[in-house]
K.L.:
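Structure incoming, see below.
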Amino acid sequence: QVQLVESGGGLVQPGGSLRLSCAASGFTFSTYWMYWVRQAAGKGLEWVSGISSSGRTTYYTDSVKSRFTISRDNAKNTLYLQMNSLNSEDTAVYYCLGVYDYWTNAYWGQGTQVTVSS
C-alpha cells in the first residue's frame, strides 16, 4: 500500500538537465523527511540530498551543491530533484527515501536510472 514511485530518469548528454519526481502514497508524506540516494554501478549508496518535512531545511553532498536542487510539494505528496550541469559521475540509479522520527520508519522507492553520456 505504501508506495514511492520515482520518475524522470533517462539518458542525457553531459551538461544537460533532468528533473526527477517521487510520487508518494499510503503514508503521511508531510511528516517525513525525504532524501535522494543514488547508487552507481558497482558502488555503494551515496546520500545525494535531503529535505525536512516542512521543506525549510535542505542538505546536499558536496559533489552536487550548486547543481542540484531538492524540493517538495506536500499538497501533491511529491518530492523533486532538479539536476543541472550533469556529468558522467552522476550516472546512477536514483532512489527516493522517506524517513520518520529518527528512523522509526522508512520507505524506499524502486529507483530510476539516470545515465549521462554523449
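In this text the structure is predicted, and so the values were computed from the model without any measurement.
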K.L.:
State the OG-CZ distance between Ser49 and Arg38, to the nearest 0.5 angstrom.
P.N.:
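Going from OG on Ser49 over to CZ on Arg38, the span is 10.5 Å.
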K.L.:
Which pair of non-hydrogen atoms, one from Arg72 and one from Phe29, has the smallest distance, and what is that distance?
P.N.:
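What the structure gives for the nearest pair is NH2-O, 2.8 Å.
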K.L.:
Mind checking what makes salt bridge (charged side-chain N to carboxylate O under 4.0 Å, His left out) contact with Arg67, not counting sequence neighbours?
P.N.:
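Salt bridge (charged side-chain N to carboxylate O under 4.0 Å, His left out) check on Arg67 returns Asp90.
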K.L.:
Are there more than 12 heavy atoms of other residues, nucleotides or ligands under 6.0 Å from atom CD of Gln82?
P.N.:
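Atom CD in Gln82 is packed in, count exceeds 12.
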K.L.:
Could you check whether any side-chain heavy atom of Phe68 comes within less than 4.5 Å of a side-chain heavy atom of Leu81, counting everything from C-beta outward?
P.N.:
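Phe68 reaches Leu81 side chain to side chain.
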K.L.:
State whether the side chain of Asn74 and the backbone N or O of Ser53 hold a donor-acceptor pair below 3.5 Å, judged by distance alone.
P.N.:
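Side chain of Asn74 to backbone of Ser53, a donor-acceptor pair under 3.5 Å: yes, one is there.
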K.L.:
Hey, does Thr57 have a side-chain heavy atom less than 4.5 Å from the side chain of Tyr59?
P.N.:
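Counting from C-beta outward, Tyr59 and Thr57 never come under 4.5 Å.
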K.L.:
Please report the C-alpha distance between Tyr107 and Phe27 in whole Å, then the side-chain angles of each, then the deciding distance to 0.1 Å, and finally whether the ring-ring contact (aromatic ring centres under 6.0 Å, His included) criterion is met.
P.N.:
CA-CA 10 Å; Tyr107 299 117; Phe27 66 100; 5.0 Å; yes
K.L.:
To the nearest 0.5 Å, what is the distance between CH2 (Trp36) and CD1 (Ile70)?
P.N.:
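With rounding to 0.5 Å, CH2 (Trp36) is 8.0 Å from CD1 (Ile70).
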K.L.:
Taking Thr28 for the side chain and Ser30 for the main chain, is one N or O donor matched with an acceptor at less than 3.5 Å?
P.N.:
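Not at all, since once roles are kept as given, no pair shorter than 3.5 Å links the two residues.
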K.L.:
Using a cut-off of 6.0 Å, state whether more than 12 heavy atoms not belonging to Gln39 lie near its atom CD.
P.N.:
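Counting other residues, nucleotides and ligands, CD of Gln39 exceeds 12 neighbours.
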K.L.:
Take Asn105 and Trp103 through the test side-chain contact (heavy atoms from CB on, under 4.5 Å) and record every step on the way to the result.
P.N.:
CA-CA 5 Å; Asn105 201 19; Trp103 289 83; over 6 Å; no
K.L.:
How close do Cys96 and Leu4 get, counting heavy atoms only, and between which atoms?
P.N.:
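It is O-CD1, 3.8 Å.
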K.L.:
Enter the distance from Tyr94:OH to Cys22:SG here, rounded to the nearest 0.5 Å.
P.N.:
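Reported value, rounded in 0.5 Å steps: 14.5 Å.
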K.L.:
I'd like to know if the side chain of Thr91 and the backbone of Glu89 have a donor-acceptor N/O pair within less than 3.5 Å.
P.N.:
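Checking the backbone N and O of Glu89 against the side chain of Thr91, no donor-acceptor pair under 3.5 Å is found.
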K.L.:
Quick check: closest heavy atoms across Ser17 and Ser85, and the distance to 0.1 Å?
P.N.:
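Smallest interatomic distance, heavy atoms only, reads OG-N, 4.3 Å.
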K.L.:
Do Val12 and Met83 sit in the same hydrophobic cluster, where Ile, Leu, Val, Met, Phe, Trp and Tyr count as joined when their side-chain heavy atoms come under 4.5 Å apart?
P.N.:
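Linked within one cluster.
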K.L.:
Tell me the closest heavy-atom pair linking Ser63 and Glu46, and the distance in Å.
P.N.:
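Closest heavy-atom pair between Ser63 and Glu46: OG-OE2, 3.8 Å.
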K.L.:
If hydrophobic clusters are built by linking Ile, Leu, Val, Met, Phe, Trp and Tyr wherever their side-chain heavy atoms come under 4.5 Å apart, do Tyr95 and Leu20 end up in the same one?
P.N.:
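No, separate clusters.
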K.L.:
Hey, could you give me the CD/CG distance between Glu6 and Leu97, rounded to the nearest 0.5 Å?
P.N.:
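So the gap between those two atoms works out to 10.0 Å.
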K.L.:
What are the two closest non-hydrogen atoms of Leu18 and Gly8, and how far apart are they?
P.N.:
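The pair with the smallest heavy-atom distance is CD2-O, 3.8 Å.
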K.L.:
Less than 4.5 Å apart, any side-chain heavy atom of Trp108 and any of Val37?
P.N.:
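A side-chain contact under 4.5 Å exists here.
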K.L.:
Scan the side chains in residues 111-118 for donor-acceptor partners under 3.5 Å anywhere in the protein, sequence neighbours excluded, and list what turns up.
P.N.:
{"from": "Thr112", "atom 1": "OG1", "to": "Gly9", "atom 2": "N", "distance (Å)": "3.3"}
{"from": "Gln113", "atom 1": "NE2", "to": "Ala92", "atom 2": "O", "distance (Å)": "3.4"}
{"from": "Gln113", "atom 1": "NE2", "to": "Thr115", "atom 2": "OG1", "distance (Å)": "3.3"}

K.L.:
Parallel, tilted or perpendicular: which one describes the rings of Trp47 and Tyr35, with boundaries at 30° and 60°?
P.N.:
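If you compare the ring of Trp47 with that of Tyr35, the planes turn out perpendicular.
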K.L.:
First locate atom CG of Asp73, then atom OG of Ser21, and finally report the distance between them rounded to the nearest 0.5 Å.
P.N.:
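Nearest 0.5 Å value for the CG-OG distance: 10.5 Å.
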K.L.:
Does a side-chain heavy-atom distance below 4.5 Å link Trp33 with Ile51?
P.N.:
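Trp33 vs Ile51: side chains apart.
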K.L.:
Residues in ring pair (Phe, Tyr, Trp, His ring centres under 6.0 Å) with Tyr100, at least two apart?
P.N.:
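Testing Tyr100 for ring pair (Phe, Tyr, Trp, His ring centres under 6.0 Å), a comparison that skips the adjacent residues, returns Tyr32.
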K.L.:
Using every non-hydrogen atom in the two residues, find where Tyr60 and Lys65 come nearest and quote the distance to one decimal.
P.N.:
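Reported closest heavy-atom pair: O-CE, 3.1 Å.
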